[in-house]
Amino acid sequence: MTAAAPAPDRAELSRQIREWFAEAGRDLPWRHDDFGAWGILVSEIMLQQTPVVRVIPRLEQWLERWPTPAALAASAPGDAVRAWERLGYPRRALNLHAAATAIAEQHDNVVPEDVPTLLALPGIGDYTARAVAAFAYGHRHPVVDTNVRRVIARAVDGVGEAGPPSTKRDLAAMELLLPEERAAAQATNAAVMELGAIVCTAKKPLCEQCPVRDLCAWRTAGYPAYEGKKQVVQKKFEGSDRQVRGLILAELRASDIPVTAAEIEQVWADAAQRERALAGLLKDGLAVAEGSGYVLP
DNA sequence: AAGGCGTGGGG
DNA sequence: TCCCCAAGCCT
């Protein structure tokens, strides 16, 4: 049993986080008024599991080259994978190309603004769909990412970490922090996310400089240690299939002509693992057989 | 529904 | 060094 912490006044908590954000929030490219829905969509995809500092330069180059969904759709998917460079999870590039194609062909080259339509696009899930609807179009939706879940777990629920994700429960919890007015709701989404990103961080939270330290239920309860279910630790990257996939894909990115099986043998010694990685890339559509070798799609 | 999927920086 | 983690999604 954990000691129950009194939940703070949500309206006041929300207001104070918004106030802090207005003054201390980072000036990020996608927060500018004229950034556009396409730019916001691309940024959200790139930000899935990739840090802000690594995204910014790649995003700028991407939008310069492909300023609209139709522009991206007109290029080969492999060009998107190549331009993705080393952002990680390259299937996101493939999905983004496919989403751009759907937007160009089925939505008159306009990024959809309703959540169900966004959810139907490849690579867009619960978080990204609501982020685009809220940040690009100002619609009033709760936006829940890992930062938001952590802030709510601590400030509202009084526990050190968020439990396992539950879309329904998480959205309902964030909804309780949203004011009625659309612009204020939009600001709240960005503000709570920002608080989790730069103050209420996973590892060493900066509780002493937190704008809501006086309301925080976790602080009130004396920072009890997390007792819930532990998150699964990711398997070691070194020597993993993921590493081999990455190495093979790097070869394909770097070459304009088919990469031969002999060349792929050079990137990894273990044949079984190599074959498994290549098969995975082919299955995912990140590589295709051509002539005597393999190329990007 | 638990596990696979890249990559690089910081403690 | 090694481990953790960074605006998730998909199956």
Side-chain angles (χ1 to χ4, degrees), chain A residues 21 25-26 28-31 39-59 81 84-96 98-99 118-136 141-151 161-168 170-171 174 186 189-198 200-205 226 229-253 267 273 276-277 279-281 283-287:
Chain A
F21 178 66
R26 293 168 294 179
L28 299 171
W30 44 89
R31 289 181 179 159
I40 289 178
L41 173 56
V42 175
S43 75
E44 293 297 348
I45 302 291
M46 288 185 170
L47 287 163
Q48 291 168 4
Q49 303 282 280
T50 302
V52 165
V53 290
R54 221 181 303 167
V55 163
I56 290 175
R58 184 73 43 249
L59 175 65
V81 174
W84 199 255
E85 297 192 354
R86 305 183 66 78
L87 278 183
Y89 293 137
R91 56 175 56 163
R92 290 183 294 167
L94 219 46
N95 284 149
L96 181 52
L118 286 161
L119 278 173
L121 295 171
I124 296 188
D126 290 314
Y127 163 74
T128 305
R130 288 175 179 81
V132 170
F135 299 141
H141 292 292
V143 178
V144 176
D145 73 335
T146 183
N147 292 306
V148 169
R149 283 168 24 76
R150 185 171 55 249
V151 169
E161 297 177 29
S166 157
T167 300
K168 191 175 174 182
D170 295 341
L171 289 174
M174 184 57 185
Q186 181 190 44
N189 281 315
V192 175
M193 210 180 299
E194 185 78 344
L195 187 68
I198 69 181
C200 193
T201 53
K203 286 199 274 188
K204 294 195 161 191
Y226 179 67
K229 210 170 148 190
K230 283 199 343 193
Q231 345 273 8
V232 273
V233 283
Q234 196 173 306
K235 279 199 297 189
K236 196 166 73 169
F237 179 69
E238 195 66 30
S240 67
D241 285 5
R242 296 160 79 151
Q243 181 182 24
V244 182
R245 282 174 58 112
L247 290 171
I248 294 173
L249 198 61
E251 291 294 315
L252 302 191
R253 264 200 243 98
V267 310
Q273 196 174 17
R276 205 160 56 230
L281 290 171
K283 178 174 182 297
D284 291 345
L286 284 164

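We use all heavy atoms of the structure for the numbers below, so side chains are in, but hydrogens, waters and symmetry mates are not. Each chain gets a letter, A, B and so on, in the order the sequences are listed, and its residues count up from 1.
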Taking side chain as C-beta onward, heavy atoms only, is A:Arg130 less than 4.5 Å from A:Met174? no
Evaluate the side-chain proximity of A:Val144 to A:Asp126: yes if any heavy-atom separation is below 4.5 Å, no if none is. no
Does A:Asn95 or A:Val52 map to a spot on DNA chain C nearer the 5' end, using the closest nucleotide for each? A:Val52
If you define the side chain from C-beta out and look only at heavy atoms, does anything of A:Val55 sit under 4.5 Å from A:Arg58? no
State, yes or no, whether a side-chain contact exists between A:Ile56 and A:Trp30 at a heavy-atom distance under 4.5 Å. yes
Any side-chain heavy-atom pair of A:Val148 and A:Val151 under 4.5 Å: no
Report, as a single string ordered 5' to 3', how protein heavy atoms within less than 4.0 Å touch nucleotides 3-11 of chain B: B base, S sugar-phosphate only, - not at all. SBBBBB---
Does A:Val52 form a side-chain contact (heavy atoms from CB on, under 4.5 Å) with A:Leu47? I'd like the steps, not just the answer. CA-CA 7 Å; A:Val52 165; A:Leu47 287 163; 3.8 Å; yes
Nucleotides bounding contact with chain A, strand DNA chain C, heavy-atom threshold 4.0 Å: C:dC4 to C:dC10
Close side-chain approach of A:Ile45 to A:Trp84, heavy-atom, < 4.5 Å: yes
In whole Å, what separates the C1' atom of C:dC5 from that of B:dG6? 13 Å
Take A:Arg150 and A:Ile124, find for each the nucleotide of DNA chain C with the closest heavy atom, and name the residue whose nucleotide sits nearer the 5' end. A:Arg150
Is A:Asp241 salt-bridged to A:Arg245, cutoff N-O under 4.0 Å? no
